[in-house]
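Written out below as structure tokens is the structure these notes cover.
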Amino acid sequence: MTGADSPGRPDRGGSADSPGDYAADVAGEQREYAVAGRPDVRIHVRDLGLACCAVEFAAAIGRGLLVPAEPDSPGSAAVLVVSGTVTDALAPQVLAAWEALPEPKAAVSFGACSNSGGPYWDSYSVTKGVDRVIPVTTYVPGCPPRPEALVDALVSLVVPA
Ligand code: SF4
């Protein structure tokens with residue numbers, strides 16, 4: 001059954017047999033942000049929101065902790081934030097998002113699901129930590145972590161404690 005045949009589901013031109021279509025949509029929805037009020041923190045944050053931890057990422061934006069930024073500005077480090085549940089089906093898209101980032105770059109695993117599989121650690125389809133797919137620089141614990149914890153992790157990447 002295609003999306004066009006499924007009431008309430010947008011037609012992405014794929015089928016129930018091609019979950020990669022959804023993964024491509026996830027990777028294509030990346031946005032970039034900078035830390036508000038910290039011109040010393042020259043990073044651009046690329047969000048890869050996969051599940052409910054992405055709501056906390058959105059809360060950081062809604063509260064003005066992160067602000068929209070132009071992609072890949074010179075002199076800025078790129079940070080991929082993986083927020084939510086990584087599945088084995090999505091892992092190739094996560095890797096592709098990481099490999100597409102320019103150097104220098106870092107990865108933040110935001111929340112228990114991304115860190116280790118979280119509450120779904122024993123699911124056959126859930127990756128037991130995004131560090132099995134990409135090199136992770138910083139882990140943020142919590143289910144979910146608070147938006148401030150995301151900002152602290154981002155700042156810690158470039159400003160020594
Ligand atoms: S860690 Fe908790 S809040 Fe975050 S994606 Fe997993 S279940 Fe959702």
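When a ligand or atom number is given, it counts from 1 through the structure's own listing order. Keep in mind the model is a prediction, meaning the values are calculated, not measured.
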Using 2.8 Å as the threshold, say whether any N, O or S atom from C52 sits that close to atom 6 (Fe) of ligand 1. no
Tell me, which protein residue and heavy-atom name are nearest atom 6 (Fe) of ligand 1, and how many Å apart are they? C113 SG, 2.3 Å
Write out the residue and atom name of the closest protein heavy atom to atom 2 (Fe) of ligand 1, then the distance separating them to 0.1 Å. C143 SG, 2.4 Å
Mind listing the closest non-hydrogen atom pair of [X] and [Y] along with its distance?
X: D88; Y: V126; result: OD1-C, 4.1 Å
X: V82; Y: S114; result: O-OG, 3.4 Å
X: C143; Y: P119; result: SG-CG, 4.2 Å

Qualifying residue, where the test is side-chain contact (heavy atoms from CB on, under 4.5 Å) with V81 and the options are V108, V140, T138: V108
Flag, side chain of S116 to backbone of G129, donor-acceptor distance under 3.5 Å: no
Within 2.8 Å of atom 4 (Fe) of ligand 1, is there any N, O or S atom belonging to C53? yes
Numbered atoms and elements of ligand 1 in range of G84, under 4.0 angstrom, heavy atoms: 5 (S)
